[in-house]
Amino acid sequence: MVLIAGGEFLMGTDDPGIPADGEGPQRLVHVDSFYMDIQEVTNQQFQSFVNATAYITEAEKFGDSFVFEGILSETVKNQITQAVAAAPWWLPVKGANWMHPYGPDSNITDSLDHPVLHVSWADAVAYCSWANKRLPTEAEWEYACRGGLKDRLYPWGNKLNPKGQHYANLWQGDFPNHNSGEDGYIKTSPVMSFPANGFGLYDMAGNAWEWTSDWWTVHHTTDQQHNPTGPASGTDKVKKGGSYMCHKV
């Protein structure tokens, strides 16, 4: 972990790429100093947690989880009869969980240094508790993500690929039909595969979505805030950073 020195920053944006995500309006926020892991939690780290506690994830209890159709084997794909109407590339796959991220015929043997997948918010909180850590607030996460930069689109600046270099594991090509893999990956990548931001944090954009402690809302005040923690209740928790499936629209 690294110590992130507290300070003020402009959270959110007045020009959201996807307004329904609730990233606006831009507002002045102060956060106190806090510690942040420099990387996403890996399969190996999560495996250590499970080995020590015999924890069973929610995906394992439910018996299935959603997987992007483009990385499923034909055998698994042929057994699926349902899809999400608004996002037909997400398919419910029986036996998909953190140990079998791309369906029951996949495993994590060769991807122990990749971010763990199929982890619910409750699973993430359980892991944090075991590791004597906690999830960041949305404000802490965004402050850390910006890495000291102000008013920039990405953790590294305003250009997606400055000087032709890839700074995150994102989708290139025609989503969801073809990922050209120009950044070197068509699925998750080992953590720390791309340059760190100004605070020494990796994968703050792309690779795998990251949980925060806040309830999600689209309603934000423009008032200056100190260590905001989000609304008192809600139906979903805030996820940040995007994944390898995120693409420029």
Side-chain angles (χ1 to χ4, degrees), residues 1-40 115 121 124 128 133-163 165-171 191-192 194-249:
M1 303 189 88
V2 294
L3 177 65
I4 308 294
E8 281 187 347
F9 76 111
L10 289 171
M11 183 173 176
T13 177
D14 289 327
D15 186 26
I18 305 174
D21 282 354
E23 295 288 355
Q26 193 175 70
R27 58 257 186 215
L28 188 64
V29 169
H30 181 278
V31 292
D32 292 339
S33 299
F34 59 98
Y35 284 91
M36 191 86 161
D37 276 344
I38 66 168
Q39 60 173 66
E40 295 168 323
W121 187 84
C128 289
K133 300 178 182 181
R134 65 173 174 83
L135 291 175
T137 64
E138 182 181 12
E140 288 172 334
W141 189 97
E142 186 169 327
Y143 180 74
C145 177
R146 292 178 181 274
L149 297 181
K150 296 178 181 178
D151 255 350
R152 295 293 184 268
L153 279 174
Y154 307 105
W156 54 86
N158 277 330
K159 293 185 177 179
L160 181 60
N161 301 316
K163 297 182 179 178
Q165 184 177 357
H166 291 279
Y167 278 73
N169 181 2
L170 301 168
W171 184 284
V191 298
M192 302 170 66
F194 295 86
N197 73 1
F199 290 159
L201 307 175
Y202 295 83
D203 291 316
M204 297 303 285
N207 214 9
W209 286 93
E210 302 176 9
W211 287 112
T212 72
S213 59
D214 291 30
W215 287 107
W216 180 71
T217 181
V218 298
H219 304 294
H220 301 287
T221 177
T222 54
D223 296 340
Q224 184 173 344
Q225 293 180 289
H226 190 100
N227 295 327
T229 56
S233 61
T235 57
D236 194 14
K237 292 289 186 174
V238 175
K239 298 173 284 290
K240 303 289 282 186
S243 75
Y244 68 92
M245 291 173 59
C246 290
H247 51 285
K248 197 170 184 178
V249 293

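Quick caveat, the model's predicted, so the values are computed rather than measured.
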Practice item. Check Asp203 against Met192 and note the closest heavy-atom contact, atom names and distance. Key: OD2-N, 3.3 Å

Check your understanding: Going from CD on Glu138 to NZ on Lys240, what distance comes out if it is rounded to the nearest 0.5 angstrom?
Key -> 4.0 Å

Check your understanding: Is there a side chain to side chain contact (heavy atoms under 4.5 Å, CB included) between Asn207 and Tyr202 once you walk through the steps?
Key -> CA-CA 10 Å; Asn207 214 9; Tyr202 295 83; over 6 Å; no

Point to revise | Salt-bridge present (Lys150, Glu8; N to O < 4.0 Å) | key: no

**Study point:** Side-chain touch Pro195/Trp156, heavy atoms, less than 4.5 angstrom
**Key:** no

Exercise for review: Return the minimal non-hydrogen interatomic distance between Tyr143 and Ala5, and the atom names on each side.
Suggested key: OH-O, 2.8 Å

Exercise for review: Output yes when a side-chain donor or acceptor of Asp32 lies under 3.5 Å from a complementary backbone atom of Gly6, and no otherwise.
Suggested key: no

**Study point:** Side-chain heavy atoms of Lys237 within contact of Trp216, under 4.5 Å
**Key:** no

**Study point:** Minimum side-chain heavy-atom gap Ile4-Val31 below 4.5 Å
**Key:** no

Check your understanding: Hey, are the side chains of Met36 and Pro136 touching, using non-hydrogen atoms and a 4.5 Å cut-off?
Key -> yes

Check your understanding: For the side chain of Asn197 and the backbone of Cys145, is there at least one donor-acceptor N/O pair under 3.5 Å apart?
Key -> yes

**Study point:** Gap between atom NE2 of His30 and atom CE of Met11 - 0.5 Å precision
**Key:** 14.5 Å

Review point. Rounded to the nearest 0.5 Å, how far apart are CG of Leu160 and NE2 of His247?
Key: 12.0 Å

**Study point:** Atom pair CG (Asp151) and CZ (Arg146), whose distance is rounded to the nearest 0.5 Å
**Key:** 7.0 Å

Review point. What's the spacing between Phe9 CZ and Arg27 CZ if we round to 0.5 Å?
Key: 8.0 Å

Exercise for review: Compare every heavy atom of His220 with every heavy atom of Thr217, then report the nearest pair and how far apart it is.
Suggested key: O-NE2, 3.2 Å

Practice item. Taking all non-hydrogen atoms of both residues into account, name the closest pair between Thr212 and Thr137 and its distance. Key: CB-C, 4.0 Å

Revision key, fill the gap. Value for CG (Leu135) from CD (Glu210), rounded to nearest 0.5 Å, stands at 10.5 Å

Practice item. Identify the heavy atoms of Trp209 and Ser243 that sit nearest to each other, and give their distance. Key: CD1-CB, 3.7 Å

Review point. Where do Ala144 and Phe34 come nearest, in terms of heavy atoms and distance?
Key: CB-CZ, 4.1 Å

